[in-house]
Amino acid sequence: KEGLRSDNPVTGIERAPDNKRTRSLSPDEYRAFGTALDALEEEGSNPIAIRAIRVLALSGCRRGEVYGLQKTEVDTHHQCFRFEDTKTGQQVRPVGRSVMDLIQAAPEREDVPFVFPATRSDGHLKDVKVFRKACEKAKLENVTIHSLRHSFATTANELEYSEITIAGLLGHGRHSTTARYTHLIDRALVSAAD
């Protein structure tokens, strides 16, 4: 690039695999996963973690976005999350009614700003053990918490939502200048989230 060599020093070298995860759940696996979460709930597993995992499965949000979700970021009127800080900055994310129902049903700890508080500190939930147990019970292999995000996107695609709608549901960057000035949530996206 800087003209120091006339040949390409990496010609013929194979790139390492990017290790991108693409695993998503089938409808049957989703059912098994939900049944496993129900069983764990009946067995007395951490109800906060179970509720957070359900929100992850139903919203397409990243783990850090849900686990660190603050009460002030939940906009029930517009049925969305108004994230102060995500991987790509501030964001408005539409969510379905079932997600809002899960959040509203959660017992609230007044002393903690988080929707999903940690059980042993003033911080937020960090537990992934319950997720692993649910995967074991459901006999799911090669599934990570991030697989729930892939599954959400795959389901939206199978329901024939457009790529731009799926991008809006997942919080992928919007490239229009207007979007930076718009703070209202798109009703079509909320409908798709439902």
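Bear in mind the structure is a predicted one, so any value in this text is a computation, not a measurement.
- One hydrophobic cluster, built from ILVMFWY side chains closer than 4.5 Å, holds both Ile166 and Phe152.
- Contact record, Pro94 with Cys80: CA-CB, 3.9 Å, taken as the closest heavy-atom pair.
- Heavy atoms only, all atoms of each residue included: Val66 and Ala52 are closest at CG1-O, 3.8 Å.
- Summarising the geometry of Thr76 relative to Arg97, their closest heavy-atom pair is O-NH2, 4.1 Å, with the distance given to 0.1 Å.
- Applying the side-chain hydrogen bond (donor to acceptor under 3.5 Å, both in side chains) criterion to Glu65, with sequence neighbours excluded, gives Arg62, Arg93.
- The two residues Ser24 and Ser151 have their closest heavy-atom pair at CA-OG, 3.2 Å.
- Residues Tyr30 and Thr155 approach most closely at CE1-OG1, 3.7 Å, considering heavy atoms.
- The cluster map of Ile, Leu, Val, Met, Phe, Trp and Tyr, joined by side-chain heavy atoms under 4.5 Å apart, puts Val99 and Tyr161 in different clusters.
- Between the CZ atom in Arg63 and the NZ atom in Lys126 there is a gap of 10.0 Å [rounded to 0.5 Å].
- Checking side-chain atoms of Arg23 against main-chain N and O of His146 turns up no donor-acceptor pair under 3.5 Å.
- The backbone N or O of Leu170 lies less than 3.5 Å from a partner atom in the side chain of Arg149, making a donor-acceptor pair.
- You'll find the side chain of Cys61 stays beyond 4.5 Å of the side chain of Val55, heavy atoms only.
- Residues Phe33 and Phe131 bring their aromatic ring centres within 6.0 Å.
- Distance CG/Leu56 to CZ/Arg51: 13.5 Å, rounded to 0.5 Å.
- A distance of 15.5 Å separates CD of Gln70 from CZ of Arg82, quoted to the nearest 0.5 Å.
- Few gaps surround CD on Gln104; more than 12 heavy atoms of other groups in view lie less than 6.0 Å from it.
- Proximity of a side-chain donor or acceptor of Glu84 to a complementary backbone N or O of Glu73 within less than 3.5 Å is not detected.
- Rounding to the nearest 0.5 Å gives a distance of 5.0 Å between CG of Leu37 and CZ of Arg54.
- Judged purely by atom type and a 3.5 angstrom limit, Tyr67 uses its side chain to pair as donor or acceptor with the backbone of Asp127.
- The distance from the CG atom of Leu25 to the CG atom of Leu148 is 6.0 Å, given to the nearest 0.5 Å.
- For Asp28, the side-chain hydrogen bond (donor to acceptor under 3.5 Å, both in side chains) partners at least two apart in sequence or on another chain are Arg31.
- We find the CG-CZ distance between Leu69 and Phe83 to be 5.5 Å, quoted to the nearest 0.5 Å.
- Connection of Leu58 to Ile50 is established within a shared hydrophobic cluster, with ILVMFWY side chains joined at heavy-atom distances below 4.5 Å, either directly or through further cluster members.
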Donor-acceptor pairs under 3.5 angstrom involving side-chain atoms of residues 110-121: please list them, not counting sequence neighbours.
unit_1 : atom_1 : unit_2 : atom_2 : d
Asp111 : OD1    : Arg109 : NE     : 3.4
Asp111 : OD2    : Arg109 : NH2    : 3.4
Ser121 : OG     : Gly123 : N      : 3.1

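- Counting heavy atoms from C-beta on, the side chains of Glu43 and Lys137 come closer than 4.5 Å.
- No side-chain heavy atom of Glu29 sits under 4.5 Å from any side-chain heavy atom of Val143.
- One hydrophobic cluster, built from ILVMFWY side chains closer than 4.5 Å, holds both Leu102 and Leu40.
- Under a hydrophobic-cluster definition in which Ile, Leu, Val, Met, Phe, Trp and Tyr are linked whenever side-chain heavy atoms come within less than 4.5 Å, directly or via other members, Ile164 and Leu169 are assigned to different clusters.
- A 4.5 Å side-chain heavy-atom check between Phe81 and Asp75 finds every atom pair outside the cut-off.
- Between Glu158 and Glu160 the shortest side-chain heavy-atom distance does not fall below 4.5 Å.
- Annotation for Ile48 and Leu125: closest pair O-CD2, 4.1 Å, computed over non-hydrogen atoms.
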